[in-house]
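Working notes, beginning with the structure itself.
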Amino acid sequence: LEQDLRIAVKNKTLSLHYQAQTDNSGAVIGAEVLLRWNHPVRGLVSPLEFIPIAEETGLIEELGYWVIEKACHQILQWSAEPATSGLRLAVNVSAHQFRLDDFATAVERILARTGASPNRLMLELTESVVLADLDNAMQKMRALKQLGVAFSMDDFGTGYSSLAYLSRLPLDELKIDRSFVARLPGSKNDEVIARMVISMGRNLGLSVLAEGVETDGQMDALRRYGCHAYQGFLIARPSPIEEFLLLIQKK
Ligand code: C2E
Ligand code: MG
Ligand code: MG
């Protein structure tokens with residue numbers, strides 16, 4: 001698999017899917033960009049399987065920047081159309097990639113080269129990635145933040161959830177992990193957690209997006225708790241760009 005991945009990265013045969021994100025009015029505010037690998041023999045391989053391989057082998061460096069570059073090209077293309085110029089794209093950043101010394105300058109260079117507006121780019125980090133080296137992470141985030149790039153804390157609630165760092169990081173959004181969304185409404189414990197994350201986000205001035213929303217019941221509950229934004233199969237599955245654009249036209 002490792003050898004095949006190497007070839008796929010080199011030949012740029014991986015692709016990107018886009019999963020819509022909506023606000024409380026149901027309007028699409030943007031999308032999360034998700035990598036897809038259609039293996040010639042195995043078929044679709046999950047990123048949960050190949051991202052760790054890419055991390056171990058260092059391939060993630062080239063692959064990760066390729067994703068950011070593709071997203072930036074998309075942002076630039078969208079900027080010309082009123083229907084799409086306000087959309088943002090969220091890109092996942094892996095631990096290995098974020099740890100690179102020149103990560104911030106590399107992203108800055110991609111933004112400059114592509115001409116994409118930094119305000120339309122959101123980078124998703126996880127708690128473990130940030131907490132591994134908090135001071136270093138903060139420096140990189142601040143540098144990118146100054147350019148206008150936004151930050152989202154992915155899978156929030158599943159990591160160390162050290163609350164002390166939250167107020168210190170230049171974050172824009174918390175993504176409630178889908179494990180807390182799955183049993184809403186009904187699970188008292190998950191309701192408490194979802195409510196807590198939402199009110200904490202609100203009080204820290206952060207937007208809160210719920211991941212993995214699959215049912216109207218989950219959406220209604222989250223809305224009642226004061227959630228700002230949503231992503232999940234209920235709204236749309238991750239899809240090629242053409243399908244994502246059809247969804248915007250429909251909304
Ligand atoms: P993630 O960033 O938390 O992405 C959300 C995952 O949840 C995606 O899985 C998405 O397809 C899935 N999902 C979305 N809505 C629903 C729902 O309603 N129900 C359920 N059950 N699942 C839903 P996917 O695409 O398989 O990606 C898995 C993980 O792989 C991502 O988790 C992310 O950590 C990583 N990944 C994907 N693309 C990239 C990338 O370009 N770079 C890096 N570094 N990691 C990536
Ligand atoms: Mg993500
Ligand atoms: Mg997530």
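When a ligand or atom number is given, it counts from 1 through the structure's own listing order. Side-chain atoms are counted along with the backbone in the values below, which use heavy atoms only and exclude waters and symmetry mates.
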Candidate with minimal heavy-atom separation from atom 35 (C) of ligand 1, of Ser152, Ala210, Pro47
Pro47

Any non-hydrogen atom of Glu32 lying under 4.0 Å from ligand 1?
yes

Please report the shortest heavy-atom distance between Ala194 and Leu222, naming the atom on each side.
CB-CD2, 4.5 Å

What's the shortest heavy-atom distance between Leu35 and Pro47, and which atoms?
O-CG, 3.6 Å

Check whether any N or O atom of Phe233, backbone or side chain, sits under 3.5 Å from an N or O atom of ligand 1, and answer yes or no.
yes

Please tell me if atom 32 (O) of ligand 1 is touched by the protein, where touching means a protein heavy-atom distance below 4.0 Å.
no

Using a strict cut-off of 4.0 Å, indicate which atoms of ligand 1 neighbour a heavy atom of Asp155.
3 (O)

Candidate list Leu44, Val9, Val45, Leu63, test side-chain contact (heavy atoms from CB on, under 4.5 Å), partner Trp37, passing option
Val45

Give a yes or no on whether a salt bridge exists between Asp172 and Lys145, defined as a side-chain N under 4.0 angstrom from a carboxylate O.
yes

Apply salt bridge (charged side-chain N to carboxylate O under 4.0 Å, His left out) to Glu69 and list each qualifying residue two or more places apart in sequence or on a separate chain.
Arg113

Under 3.5 Å, is there a donor on one side chain and an acceptor on the other for Ser187 and Asn189?
no

So is Leu35 polar-close to ligand 1, meaning N/O to N/O under 3.5 Å?
yes

Taking the cut-offs as 6.0 angstrom to the six-membered ring centre and 45 degrees off its axis, would you call Arg168 and Tyr165 a cation-pi pair?
no

Heavy atoms from other residues, nucleotides or ligands near CZ of Arg223 exceed 12 (cutoff 6.0 Å):
yes

Using protein heavy atoms only, decide if any is under 4.0 Å from atom 9 (O) of ligand 1.
no

So side chain to side chain donor-acceptor pair (under 3.5 Å) across residues 48-64, not counting sequence neighbours, yields Glu55-Ser94

Mark up the atoms of ligand 1 that fall under 4.0 Å of a heavy atom belonging to Glu211, in ascending order.
3 (O), 5 (C)

Closer than 4.0 Å to some heavy atom of Gln19 - which atoms of ligand 1 meet that?
14 (C), 15 (N)

Which residue pairs satisfy the salt bridge (Lys or Arg N to Asp or Glu O under 4.0 Å) criterion with at least one member in residues 94-105, sequence neighbours excluded?
none

What do you reckon, does Glu55 put a non-hydrogen atom under 4.0 Å from ligand 1?
no

Around the Mg ion (ligand 3), how many protein N, O or S atoms are found at less than 2.8 Å?
4

Taking everything shown except Glu214 itself, do over 12 heavy atoms lie less than 6.0 Å from its CD?
yes

Considering only heavy atoms of Leu48, which atoms of ligand 1 have at least one such atom less than 4.0 Å away?
28 (C), 29 (C)

With distance as the sole criterion, is a donor-acceptor pair present between the side chains of Glu32 and Gln21 under 3.5 Å?
no

Going by atom types alone, do Ser25 and Asp23 pair a side-chain donor with an acceptor below 3.5 Å?
yes

May I ask you to check if ligand 1 and Asn92 share an N or O to N or O distance below 3.5 Å?
yes

Ligand 1 to Gly232, heavy atom cutoff 4.0 Å, flagged ligand atoms 15 (N), 18 (O)

If you take the nearest heavy atom of each of Arg178, Gln231, Glu124, Lys175, which one is closest to atom 6 (C) of ligand 1?
Arg178

N/O/S atom name from Glu32 that is nearest to the position of the Mg ion (ligand 2)
OE2

Taking a cutoff of less than 4.0 Å between a non-hydrogen atom of the residue and any ligand atom, is Pro238 in contact with ligand 1?
yes

Between Leu1 and His39 the two heavy atoms that sit nearest each other are CD1-CD2, 4.1 Å

Just jot down the ligand 1 atoms closer than 4.0 angstrom to any heavy atom of Ser94, in number order.
44 (N)

Which atoms of ligand 1 have any heavy atom of Glu214 under 4.0 Å away?
17 (C), 18 (O), 19 (N), 20 (C), 21 (N)

